[in-house]
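Numbers here are sequence positions counted from 1.
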Amino acid sequence: MTERRVRWQPYYAVVALLCAAVFISYIDRTNISVGAIAMRLQFGWNETQKGVVLSSFYVGYISLMLASGALANRFGGKIVLGAAVVWWSLFTVLTPVAASISLPLLVTARIALGLGEAAVFPASMNMIGRRVPVLQRSRAVALVTSSLYAGTVFALPVTGWLVQSYGWPVPFYLFGAIGLLWATAWFARVEVGSDIEAPASAEPTPIPWSKLLKLPAVWAIVVGHFCSNWPLYLMSAWLPSYFARTFGVSLMNAGLLSAAPSLSAFMRLARRPHGQFRRDESPE
């Protein structure tokens, strides 16, 4: 019986680190969904103030999304993503300090967190384009994308347990430290440049934005993406509060119940067809 072995490829480590970066970005943005329940009680926020805290992340996130892609194309995904993870990890660690000083300072820290996390997907796609062979890119994108759901599934119940057992600041310190450890591995392991040789005739060309924005297929992608992200962000931000307030469950159970939609999405995206080999995964 012939044993099938998969040869290790250099880009595997890059894709694994990209998946880890997306995972970390979602545990860092999601932990406050559960933490805010305890923070509201300590600081005496009303629901409007809590809503401002939960939504302020997206102000920074949407503000720097396009610029992050341009920076990644200009300076490379390694530098941009590495710097972004360090930036948002520091603001994750600083979140309890900001919250203890004032609500406006906490909102500022959350906006700064969003500014950093805006780079995670543009820089990741840049790295996939530079480091992953053409026939493997769809698989790499699926793995990276599924990591956001894995991060949400992990963050919600674990944050609930940490807050309930050790206090609400602990998830921010712990998850921020994980991001800084990731950055150390990223800069040590990933080289600057590209592992994929560009065609000899390839020359940089300007993006035809006017033509792209007139294509119905582009708008179908935009609308579909919006419809997918709206419930994702709504549920990740507010489901823990809904379960805790409406049903009176514990923080850990609120996080656990809130993770169910993301768990089902992760299982759907992470499935891989069996019996298929790519050029670099042939049996020996």
For this session: Calculate, to the nearest 0.5 Å, the distance between atoms OG and CD1 belonging to S63 and I111 respectively.
Result: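 If I round to the nearest 0.5 Å, the distance is 8.0 Å.
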Exercise. So how far is it from L18 CG to S147 OG, rounded to the nearest 0.5 Å?
Worked result: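 So the CG of L18 and the OG of S147 are separated by 9.0 Å.
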Problem set entry | Geometric cation-pi criterion, R131 with Y12: 6.0 Å, 45° |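 Here R131 fails the 6.0 Å and 45° test against Y12.
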Exercise. Aromatic rings W230 and F226: how do their planes relate, parallel, tilted or perpendicular, breaks at 30° and 60°?
Worked result: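 It falls in the tilted class, 30° to 60°.
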Problem set entry | S25 and D28 side chains, donor-acceptor separation under 3.5 Å |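 Checked: D28/S25 side chains show no N/O donor-acceptor pair below 3.5 Å.
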Problem set entry | Exercise: do W87 and E117 side chains pair donor with acceptor under 3.5 Å |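 Short answer, no.
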Exercise. Going through the distances and angles, do E47 and R40 end up as a salt bridge (Lys or Arg N to Asp or Glu O under 4.0 Å)?
Worked result: CA-CA 8 Å; E47 288 296 323; R40 176 178 177 268; 3.3 Å; yes
Exercise. How about K78 and F187: do any of their side-chain heavy atoms sit closer than 4.5 Å?
Worked result: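 When only atoms from C-beta onward are counted, F187 and K78 do touch, with a gap below 4.5 Å.
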For this session: Would you mind reporting whether Y58 and R110 have side-chain heavy atoms less than 4.5 Å apart?
Result: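 Of all side-chain heavy-atom pairs linking Y58 with R110, none is under 4.5 Å.
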For this session: Spell out, yes or no, whether M125 and V15 are grouped together once hydrophobic residues are joined by side-chain heavy atoms under 4.5 Å, including indirect joins.
Result: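 Looking at the clustering, V15 is in the same group as M125.
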Exercise. For the hydrophobic clusters of this structure (ILVMFWY residues joined by side-chain heavy atoms under 4.5 Å, transitively), does one cluster hold both L256 and V153?
Worked result: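 Not linked; separate clusters.
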For this session: Examine F154 together with Y26 and report whether their ring centres are nearer than 6.0 Å.
Result: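 No, the ring of F154 stays outside the 6.0 Å limit from the ring of Y26, centre to centre.
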